[in-house]
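Accompanying notes for the structure given below.
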Amino acid sequence: QVQLVESGGGLVQPGGSLRLSCAASGIIFRDRAMDWYRQAPGNQREWVAGIPKTGTTNYADSVKGRFTISRDNAKNTVYLQMNSLKPEDTAVYYCNVHFIVTEYWGQGTQVTVSS
C-alpha cells in the first residue's frame, strides 16, 4: 500500500521560509521520481518541482531560485525548502509519485503566507 505523508506547513510572513517533508512508504523510493504540486483556492493544482531518482531537479518558473527540492533515500523522504515566500505561494502543497498507469498523492499540507 503506497502512502505519502506531507508535513511542515504552517503560517509564515512574507519573506519567510518553510521546509516541507513528504515521507513515502510502499514503494522502492530510491527508484522513483518525486514531485511537489500545490493548489490554491479556486485554482487548478499546479506542478511546483520535481526530482528524478538521479539527475537534475526541475522547477516551475514561479518558484525557481526560491524553492529547492531534495531527497533522502535512506529516510524515504522528499523535501521542499521554500525561501523568500510570497502571499501568492499560499496553497495546499502535495507530493506525488507516478507510475505508468497510476499515481499517488499525499493528503497535503497547508502553507499560508500572510502578514
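Numbering starts at 1 and runs along the sequence shown.
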So do Q13 and V113 actually touch side chain to side chain, heavy atoms under 4.5 Å?
no
Checking side-chain contact (heavy atoms from CB on, under 4.5 Å) between L80 and each of D35, L18, I69, which is the one that passes?
I69
May I ask you to decide whether D89 forms a salt bridge with K86, counting only side-chain N to carboxylate O separations under 4.0 Å?
no
If only atom types and distance count, is the side chain of T109 paired as donor or acceptor with the main-chain N or O of G9 below 3.5 Å?
yes
Closest heavy-atom pair, S84 versus S17, reported as atoms and distance to 0.1 Å, is N-OG, 4.4 Å
Show the nearest heavy-atom pair for residues S114 and P14, with the distance to one decimal.
C-CD, 3.6 Å
Answer yes or no: is there a donor N or O on one side and an acceptor on the other, between the side chain of T90 and the main chain of P87, under 3.5 Å?
yes
So how far is it from I51 CD1 to R32 CZ, rounded to the nearest 0.5 Å?
14.5 Å
Return the orientation label for the F67 and Y93 ring planes: parallel under 30°, perpendicular over 60°, tilted otherwise.
tilted
For L4 and C22, work out which heavy atoms get closest and say how close.
CB-SG, 4.0 Å
Find out whether F29 and R71 are in side-chain contact, i.e. whether some heavy atom of one side chain is under 4.5 Å from a heavy atom of the other.
yes
Considering residues, nucleotides and ligands other than Q44, do more than 12 of their heavy atoms fall under 6.0 Å from its CD?
no
Over-ring placement of R19 relative to Y79, 6.0 Å and 45° cut-offs:
yes
Measure the spacing between CD of Q39 and CZ of R45 and express it to the nearest 0.5 Å.
5.0 Å
Please find the pair of heavy atoms, one from V5 and one from Q107, that lie closest to each other, and give the distance.
CA-OE1, 3.7 Å
E88 side, atom CD; N43 side, atom CG - distance, nearest 0.5 Å:
12.0 Å
Taking all heavy atoms of E103 and all of N96, pick out the closest pair and write down the distance.
OE1-ND2, 3.1 Å
Is R38 close enough and on-axis enough to W47, meaning under 6.0 Å and within 45°, for cation-pi?
no
Hydrophobic cluster membership, with links at side-chain heavy-atom distances under 4.5 Å among I/L/V/M/F/W/Y: are F99 and V78 in one?
yes
Do the side chains of Y104 and V92 join up, straight or via other hydrophobic residues, at under 4.5 Å, putting them in one cluster?
no
Would L20 and M82 satisfy side chain to side chain contact (heavy atoms under 4.5 Å, CB included), going step by step from the backbone distance to the final call?
CA-CA 8 Å; L20 307 183; M82 305 186 296; 3.7 Å; yes
Are V97 and W36 joined in one hydrophobic group, where the rule is that I, L, V, M, F, W and Y side chains link up if heavy atoms are under 4.5 Å apart?
yes
Test side chain to side chain contact (heavy atoms under 4.5 Å, CB included) on T68 and Y59; report intermediate values, then the result.
CA-CA 8 Å; T68 302; Y59 300 92; 3.8 Å; yes
Verify whether one side chain among D72 and T77 offers a donor that lies under 3.5 Å from an acceptor in the other.
no
In short, Y94 meets E6 closest at the heavy-atom pair CA-OE2, 3.2 Å
